[in-house]
Amino acid sequence: MKRIFAVSLSVLALALAGQAVPGDMSVKVRRDLTDADRVRVESVTRPTADFTRTEQFEAMQAGAATSIEDPDRRAFSHVSFNLRPEDEMRFRLGNSLFRKLWVAAPSSTQASDGLGPFYNARSCEDCHKDDGRGHPPEGAADATSMFLRLARGPNSAAEKQALQEHLVVNFPDPVYGRQLQDKAVPGLAAEGQMTIRYETVPFIFPDGSKVDLRKPTYSATDLRYGLLGMDTTVSARVTPAMIGLGLVEAIADDDLKANADPDDRDHDGISGRLQMVTDSKGRLRIGRFGWKAENAAIRDQTAHAFSGDIGISTPDMPDPNGDCTLAETDCLARPNGEQKRLGKGEAPETVVSLVTFYAQHLAPPARRQSGFPDILEGKKLFYQSGCVACHRPKYVTSREWPEPSLRFQLIWPYSDFLLHDMGDGLADSQSVGEASGKEWRTPPLWGIGLTKIVSRLEFFLHDGRARTLEEAILWHGGEATRARANYADLTGDDRQKLIAFLESL
Ligand code: HEC
Ligand code: HEC
């Protein structure tokens, strides 16, 4: 893990003197900063070595955007504290569209129709409940906030090339498309259902104590159009929380490049890699969103969600049939909800941009109890166990970011936003762009301690298999094997302190 603060000033001077080409992946210094700013930024983002007191601004983990409202059920639904008052209306309109329930076409409420024909949920909010994370199904009718992505690798020279050129991240199942939709509009039966089987795997700590982990196996059942393709893989994804996403988008590319160490040149066993994807405007960019970092921009993730999750077309993804494939002729034959007079797409431009704006401005909560002695102890153990090698504590967002409330903020997301091999335990066999089936993007940890309060339930990791923060840590393997071992080697008391630190985020 190469850290930006380790770059010496002479190297900085060299890189600045010259050959830096925009978009050049070898450049690893912040080009949005003046020399004076760069020195300040490096100093405030250097990981601390002093755990006797809180760091300056630490409790305000999203800078001036941090919410200082009560940490209650609505804790993830507050607007960025520093959003200009004249923009709050856009946030509120975006919120109502995020919650809007789409209906099947044709309908008398023409501005809301176009749902499906196949879909997983009728609104963004159905999955991102209270803007918090989702969970694996608790009962048969409860699979909404989690679904199976379907994909296969390339099987021709042309497909290999498209993948190499980052034009696609993988290829859909020939019949079922990119994800299994377990719901459909009236008169059409759903594609199938997600079935999960859990098996208990005990984890024994060096001190003899034991935790039972649950290892899931996923399958697609009740399939309407026959079997999945021979080489189709399934990958389960649970809904992440919506907070702080605009700030993540505003982190400078150069910072993420500086985090990357694909060949593990510093020999710490950790080799974060950048996900590279083509955005909806056709530009090659660093992926940051989703469990595989497969989307570069919140807008792109939004358009994909409208299309794949709800079956609503947008100017960015104009097919009104959503994820129906040519083989699903009964789906293709259904009416759609496009209204020429309202603009292109079942959700026209204004809708997509308002929902995107909403998703960019949900405030992470302020830290709770960040200065308590046990929490500071836990923080020290988090650093000493090597968690910060991937869960990088802090950044200062780009000075050139167009949106003023997100620009030049000191933020503490605890992520490098890179892909890491997390071992066989967490692997599925699905590759997504640069990410193999074993690689996952480090998720941000801010707000994670409020999961239970916001969502009532508490499940972690990409498929919600972990029922506690401790289980999530114990699933870490691959590049994180040493960090997990360091955690397991702690005394029970110290493990509790580290968890208490996570709960204070
Ligand atoms: C069927 C459930 C579902 C619906 C409906 C849904 N999402 Fe999501 N959302 C997810 C899942 C699952 C992920 C993680 C995707 C992945 O890793 O592949 C996600 C990820 C995201 C992310 C990226 C978050 C991050 O931390 O990287 C954003 C932004 C987002 N969704 C916005 C939306 C918006 C806006 C809508 C409505 C248009 C929406 N979602 C509808 C399930 C859903
Ligand atoms: C090699 C990089 C790496 C290291 C080191 C690492 N993590 Fe992680 N962490 C990840 C990745 C990647 C995931 C997501 C894995 C998944 O969802 O399958 C993750 C997930 C988590 C989660 C669950 C987050 C969520 O949103 O569900 C927690 C909690 C967590 N890590 C804590 C820790 C702690 C504590 C340590 C140190 C003992 C640690 N991690 C060390 C990369 C790392």
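All ligand and atom numbering here is 1-based and tracks the order in the structure.
In terms of polar-atom proximity, Ala389 is not counted as a contact of ligand 2, lacking any N or O under 3.5 Å from an N or O of the ligand.
For a distance threshold of 2.8 Å, the protein N, O or S atoms nearer than that to atom 8 (Fe) of ligand 1, listed by chain and number, are His128 NE2.
Distances from ligand 1 to the non-hydrogen atoms of Met146 include no value under 4.0 Å. For the pair Ser123 and ligand 1, a heavy-atom separation below 4.0 Å is found. Put simply, part of Thr144 is less than 4.0 Å from ligand 1, judged by heavy atoms. Not close to ligand 1: Arg122, with no non-hydrogen atom less than 4.0 angstrom away.
Closest to atom 36 (C) of ligand 2 among all protein heavy atoms lies Cys387 SG, 2.7 Å. Nearest protein heavy-atom neighbour of atom 10 (C) of ligand 2: Met422 CE, 3.4 Å. The single protein non-hydrogen atom nearest to atom 32 (C) of ligand 2 is His391 NE2, 3.8 Å, given as residue, atom name and distance. Of the protein's non-hydrogen atoms, Leu245 CD1, 3.5 Å is the one closest to atom 29 (C) of ligand 1.
No more than 12 heavy-atom neighbours from other residues, nucleotides or ligands sit within 6.0 angstrom of NZ on Lys281.
Side chains of Asp255 and Tyr395: a donor-acceptor N/O pair is absent below 3.5 angstrom, by distance only.
Residue nearest to atom 26 (O) of ligand 2, selected from His476, Lys292, Arg133: Arg133 (by heavy-atom distance). Proximity annotation for atom 35 (C) of ligand 2: of Ile473, Ile270, Asn486, Ile473 comes nearest, heavy atoms only. Remark: among candidates Phe289, Trp102, Trp440, Trp291, the nearest residue to atom 17 (O) of ligand 1 is Trp291, based on non-hydrogen atoms. The heavy atom nearest to atom 18 (O) of ligand 2, out of those in His462, Arg392, Arg237, Gln384, is found in His462. Comparing Val238, Ile243, Asn120 against atom 12 (C) of ligand 1, the shortest heavy-atom distance belongs to Val238.
With respect to the salt-bridge test (charged N to carboxylate O, under 4.0 angstrom), the residues Arg465 and Glu471 do not qualify.
The NZ atom of Lys215 sits 12.5 Å away from atom OG1 of Thr200, with the distance rounded to the nearest 0.5 Å. Note that CE of Met146 is 7.5 Å distant from NE2 of His462, once rounded to the nearest 0.5 Å.
Within the coordination shell of atom 8 (Fe) of ligand 2, defined by N, O or S atoms under 2.8 Å, Cys390 is absent.
Every atom of ligand 1 with a heavy atom of Phe147 under 4.0 Å away is listed here by number and element: 1 (C), 12 (C), 42 (C).
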